[in-house]
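A quick note: this is a predicted structure, and the numbers were derived from the prediction, not measured. Just the heavy atoms: all of them, side chains too, but no hydrogens, waters or symmetry mates, feed the values below.
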Amino acid sequence: MSFRTLRWILWSAVTVLFMLLGTVTGLIVLQGSSQPTSTAALSSGVADVGGEFSLVDHNGQRRTWSDFRGKPVALFFGFTNCPDVCPTTLGELSVLLDDLGPQGDDLQVLLISGDPERDTPERLNEYLQSFDPRIVGLTGSEEEVEEAFSAFKAYRAIVPLENGDYTVDHSAGVYLFDREGGFFGTLDTHESNEVRLQKIERLLAI
């Protein structure tokens, strides 16, 4: 067998292999795309994130998701015993509100607690004294909090500690919503303040 013939056989085998891989990949993609998707997400092309909730704010008032229509929303999930991510994020959001100047009054910043057992309205009120006074803290019963996390596709898990205490793992990003409650995007923990400010300004301009 000549070298040219051997090389032709090898190239043919490689071509067939890539064709098979392409077929398998296509089947996987088609199978994934056949999963049910909400009508709203299909019609708008925007992720189906967000939904009605009923929680109590840090002043003891019952609030629903519908109450926050009319102004854009920056929504964060956390808890008052969080050692680092939560106070850092709330501090950064406070800086953003200040940097926005008068526009900051048009942005609603919400903290939904993932620790309803410890985070009573009174505890949230005390905790939020360290941040911008426009930030609203929300809590509720275990069932109400779980429904809120589920509606916003947020992660939450109670993690026992060795000393008998516990902590809460949760989604760390900030969710952005337009004036009608439509999902706009997120603020990532690794973004610069400048990038975050630009996102918020675009959101407020809608």
statement: Separation between OH (Tyr155) and OG (Ser150), nearest 0.5 Å, reads 14.5 Å
- prompt: Going by an N to O cut-off under 4.0 Å, is there a salt bridge joining Arg156 and Glu142?
  reply: yes
- request: Report the C-alpha separation of Trp65 and Leu55 in whole Å, then their side-chain angles, then the decisive distance to 0.1 Å, and conclude whether the side-chain contact (heavy atoms from CB on, under 4.5 Å) test is met.
  value: CA-CA 9 Å; Trp65 181 228; Leu55 297 169; over 6 Å; no
query: What are the two closest heavy atoms between Pro121 and Val56, and how far apart are they?
result: CG-CG1, 3.8 Å
- prompt: Is there a side-chain contact between Asn125 and Asn59, using heavy atoms and a 4.5 Å cut-off?
  reply: yes
query: Within a strict 4.5 Å, meaning less than it, do heavy atoms of the Pro87 and Ser130 side chains meet?
result: no
task: For Asp178 and Glu180, indicate whether the former's side chain and the latter's backbone hold a donor-acceptor pair under 3.5 Å.
output: yes
- line: Only residue of Phe53, Phe79, Phe77 satisfying ring pair (Phe, Tyr, Trp, His ring centres under 6.0 Å) with Phe149 is Phe77
query: Under the side-chain contact (heavy atoms from CB on, under 4.5 Å) criterion, do Asn81 and Arg118 qualify, and how do the steps go?
result: CA-CA 9 Å; Asn81 281 357; Arg118 293 182 294 198; 3.2 Å; yes
field: Over 12 non-hydrogen atoms of neighbours within 6.0 angstrom of CD in Gln129
entry: yes
message: Do the side chains of Arg196 and Asp99 get close enough for a salt bridge, i.e. N-O under 4.0 angstrom?
response: no
- prompt: Between atom CG of Leu100 and atom CG of Asp106, what is the distance when rounded to the nearest 0.5 Å?
  reply: 9.5 Å
- request: Assess whether ring pair (Phe, Tyr, Trp, His ring centres under 6.0 Å) is satisfied between Phe177 and Phe184, documenting all intermediate values.
  value: CA-CA 5 Å; Phe177 299 88; Phe184 179 82; 9.7 Å; no
query: Shortest non-hydrogen contact from Pro116 to Gly140?
result: CB-O, 3.0 Å
- request: With sequence neighbours excluded, tell me which residues meet ring-ring contact (aromatic ring centres under 6.0 Å, His included) with Phe68.
  value: none
message: For a quick test of reading the model, state the closest non-hydrogen atom pair linking Thr189 to Ala172 and the distance between them.
response: CG2-O, 3.9 Å
- prompt: Atom CD of Glu143 and atom OG of Ser141: how far apart are they, to the nearest 0.5 Å?
  reply: 4.5 Å
task: Answer whether the closest heavy-atom distance between the side chains of His58 and Leu111 falls below 4.5 Å.
output: no
query: Is Asp67 reaching over with its side chain to a backbone N or O of Thr64, donor-acceptor style, under 3.5 angstrom?
result: yes
message: Can a side-chain donor-acceptor contact be found between Glu144 and Ser54 if the only test is distance below 3.5 angstrom?
response: no
query: Linking I/L/V/M/F/W/Y whenever any side-chain heavy atoms sit under 4.5 Å apart, do Val95 and Leu128 land together?
result: no
task: Quick one: do Thr80 and Asp119 satisfy side chain to side chain donor-acceptor pair (under 3.5 Å)? Show the steps, please.
output: CA-CA 7 Å; Thr80 63; Asp119 286 348; 2.4 Å; yes
field: Glu191 vs Lys199 side-chain heavy atoms within contact, under 4.5 Å
entry: yes
message: Quick check on the hydrophobic clustering: are Phe131 and Leu187 connected, directly or via other members, by side-chain heavy-atom contacts under 4.5 Å?
response: yes
message: Testing the basics here: between Gly104 and Leu97, what is the closest heavy-atom pair and its distance to 0.1 Å?
response: O-CD2, 3.6 Å
- request: Would you kindly confirm whether Ile206 and Val109 end up in one hydrophobic cluster when ILVMFWY residues are joined by side chain heavy atoms under 4.5 Å apart?
  value: yes
task: Could you tell me whether the side chain of Leu176 reaches within less than 4.5 Å of the side chain of Thr186, counting heavy atoms only?
output: no
statement: Nearest heavy-atom approach of Leu203 to Val73 is CD2-O, 4.3 Å
query: Is a side-chain donor or acceptor of Ser94 paired with a backbone partner of Asp132 at a separation under 3.5 angstrom?
result: yes
query: Is there a side-chain contact (heavy atoms from CB on, under 4.5 Å) between Thr139 and Thr120 once you walk through the steps?
result: CA-CA 7 Å; Thr139 188; Thr120 62; 5.8 Å; no
message: Walk me through whether Asp115 and Tyr166 qualify under side chain to side chain donor-acceptor pair (under 3.5 Å).
response: CA-CA 10 Å; Asp115 187 8; Tyr166 67 88; 2.6 Å; yes
- request: Evaluate the side-chain proximity of Tyr175 to Val49: yes if any heavy-atom separation is below 4.5 Å, no if none is.
  value: yes
task: Give, for atom CZ of Phe152 and atom CG of Asp48, the distance between the pair rounded to the nearest 0.5 Å.
output: 11.0 Å
message: If you compare all heavy atoms of His170 against all heavy atoms of Cys86, which two are closest, and at what distance to 0.1 Å?
response: NE2-SG, 3.4 Å
task: Could you walk me through whether Ile158 and Val168 pass the side-chain contact (heavy atoms from CB on, under 4.5 Å) test, one step at a time?
output: CA-CA 5 Å; Ile158 304 299; Val168 182; 3.8 Å; yes
field: Cluster link Leu204 to Leu93, ILVMFWY, side chain under 4.5 Å
entry: yes
query: How long is the gap from CG on Leu161 to CG on Asn163, to the nearest 0.5 Å?
result: 5.5 Å
- request: Compare all side-chain heavy atoms of Glu52 with those of Ser66 and state whether any distance is below 4.5 angstrom.
  value: yes
